[in-house]
Amino acid sequence: MNWIDHESYLEIYPPKEFNFEECLIFLGRSNQEVLHQIKDGAVYKLIKIKDSLILCKIGYINNCIKVEFPIRTPSILVRKKVGEYIWELFDLDQDLGEFYQMASRDKILKNLAHKYFGLRIMCIPDLFEALVWAIMGQQINLPFAYTLKQRFVEQFGEFITFEGERFWLFPSFEKIASLNVDDLRKLQFTTRKAEYIIGIAKDMKCGKLTKELLLQQDYHQVQTSLMLIRGIGAWTADYVMMKCLHQTSSFPIADVGLHNALRNLLSLKEKPTMNHQLA
DNA sequence: ATCCAGGAACTGT
DNA sequence: ACAGTTCATGGA
């Protein structure tokens with residue numbers, strides 16, 4: 001992690017393959033997002049560090065990420081945690097040099113890599129959030145997935161108010177572990193999804209499932225341990241490894257969004273199938 | 001109305 | 001192992 005603490009703000013120095021604007025476009029893709037807001041070229045996000053709620057304004061000035069604290073400046077220890085969180089949020093440990101070398105030789109990726117240079121995977125550092133968000137998104141359209149997330153967060157999450165706006169935190173697994181299926185059915189979760197999510201919350205509450213344990217495992221071990229959990233199939237396991245566990249081998253190949261992207265890119269009449277051969 | 005959506009579990013062979 | 005069915009609801 002490459003950063004400087006200026007007490008009232010942080011400066012984080014990203015690697016050279018980084019484009020804040022492209023990342024911001026991704027973060028702003030849905031106007032139903034409740035876990036961050038974008039204003040004046042900066043991301044406003046509420047973070048919880050050891051029971052304290054920290055509102056962060058994440059901007060970009062002079063080739064570095066500038067993190068400010070609109071409400072109050074936290075202690076040095078908390079600032080360090082905030083810096084680590086944001087480093088992880090933008091996936092800045094990843095060295096993309098090799099990827100871009102590979103992409104420049106790839107017929108399909110070449111133009112994309114150039115067009116979106118510096119866009120990184122926007123991570124979901126909280127394992128519970130990553131798992132729940134993936135499960136919410138199973139087999140439904142994205143706008144409805146965001147609707148479910150909004151209801152879930154506003155029903156069970158914490159918030160603070162700043163300048164008349166609410167900034168929300170994703171609900172904790174402790175809280176969700178104590179719910180029953182009907183609590184989530186009221187928000188129009190299916191019975192299955194409600195069971196999956198509460199089950200995962202309970203696994204995390206009893207310490208059976210933690211990010212630390214998963215981070216010690218390699219790609220196949222993580223995939224196996226995640227898929228043992230009810231509600232997690234190959235797609236969800238790969239999605240979570242990609243968005244939360246920084247597993248560069250993960251690739252949700254069955255993802256409908258990827259299929260549609262390929263169809264658009266290659267001007268195919270139909271979506272490519274899993275065994276589609278690219279000419 | 002009909003089909004699909006950032007799938008997964010369940011059932012039957 | 002593998003294919004077919006069910007879950008459930010919003011959006012186009």
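The chains referred to below are lettered A, B, ... by the order of the sequence lines, with proteins before strands, and numbering in each begins at 1.
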By the 4.0 Å heavy-atom rule, please label [X] as base, sugar-phosphate, or nothing.
X: I253(A); value: nothing
X: Q139(A); value: base
X: I232(A); value: sugar-phosphate

Sequence neighbours excluded - ring-ring contact (aromatic ring centres under 6.0 Å, His included) pairs with any residue from [range]:
range: residues 23-51 of chain A; result: none
range: residues 93-116 of chain A; result: Y100(A)-F117(A)
range: residues 209-236 of chain A; result: W235(A)-Y239(A)

### Query
Strictly by modelled atom types, are T73(A) and E7(A) linked by a side-chain donor-acceptor pair under 3.5 Å?
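On atom types as modelled, these side chains do not qualify, holding no pair under 3.5 Å.
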### Message
With no hydrogens and no angle check, just 3.5 Å: does a side-chain donor-acceptor pair link E68(A) and S8(A)?
### Response
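No pair is found: no donor N or O on one side chain lies under 3.5 Å from an acceptor on the other.
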### Query
Starting at the 5' end of DNA chain B and moving along, which residue's nearest nucleotide shows up first, V256(A) or R230(A)?
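Residue closer to the 5' terminus by nearest nucleotide: V256(A).
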### Query
Which sits closer to the 5' end of DNA chain B, I229(A) or G257(A), going by the nucleotide each is nearest to?
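Closest to the 5' end, via its nearest nucleotide, is G257(A).
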Rounded off to whole Å, could you give me the [atom1]-to-[atom2] distance for the [X] and [N] pair?
X: F189(A); N: dT9(C); atom1: CZ; atom2: C1'; value: 12 Å
X: L258(A); N: dG7(B); atom1: CG; atom2: P; value: 10 Å
X: L142(A); N: dC4(B); atom1: CG; atom2: P; value: 18 Å
X: D255(A); N: dA8(B); atom1: CG; atom2: P; value: 10 Å
X: M136(A); N: dG10(C); atom1: CE; atom2: C1'; value: 15 Å
X: W133(A); N: dG7(B); atom1: CH2; atom2: C1'; value: 14 Å
X: Q32(A); N: dG11(C); atom1: CD; atom2: C1'; value: 11 Å
X: E270(A); N: dC3(B); atom1: CD; atom2: P; value: 14 Å

### Message
Among K243(A), K211(A), K81(A), which residue satisfies the salt bridge (charged side-chain N to carboxylate O under 4.0 Å, His left out) criterion with E88(A)?
### Response
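Testing each of K243(A), K211(A), K81(A) against E88(A), the sole residue satisfying salt bridge (charged side-chain N to carboxylate O under 4.0 Å, His left out) is K211(A).
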### Ring-face cation contact, F173(A) with K205(A), 6.0 Å cut, 45° max
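So K205(A) doesn't make the cation-pi contact.
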### Query
Is R166(A) close enough and on-axis enough to F159(A), meaning under 6.0 Å and within 45°, for cation-pi?
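Yes, R166(A) lies over the aromatic ring of F159(A).
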Between N or O atoms, less than 3.5 Å apart, protein on one side and nucleotides 2-4 of chain C on the other: list the pairs.
none

[X] vs [N]: side-chain N/O to OP1/OP2 distance below 4.0 Å:
X: Q188(A); N: dA8(C); answer: no
X: R185(A); N: dC7(C); answer: no
X: T147(A); N: dG10(C); answer: no

### Query
Just by modelled atom types, is the K110(A) backbone N or O under 3.5 Å from a matching donor or acceptor in the R105(A) side chain?
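Checking the backbone N and O of K110(A) against the side chain of R105(A), no donor-acceptor pair under 3.5 Å is found.
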### Query
Tell me, which of residues 191-199 of chain A have any heavy atom that sits under 4.0 Å from an atom in DNA chain C?
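Contacts with DNA chain C under 4.0 Å: T191(A), R192(A).
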### Task
Sticking with atom P, work out how far dT11(B) lies from dA8(C), rounded to a whole angstrom.
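Nearest-Å result for dT11(B) against dA8(C) at atom P: 14 Å.
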### Task
Quick one: name the residues clustered hydrophobically with M227(A), using the 4.5 Å side-chain heavy-atom rule over I, L, V, M, F, W, Y, and just say none if it's on its own.
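Once heavy-atom contacts under 4.5 Å are chained together, M227(A) still belongs with nothing else.
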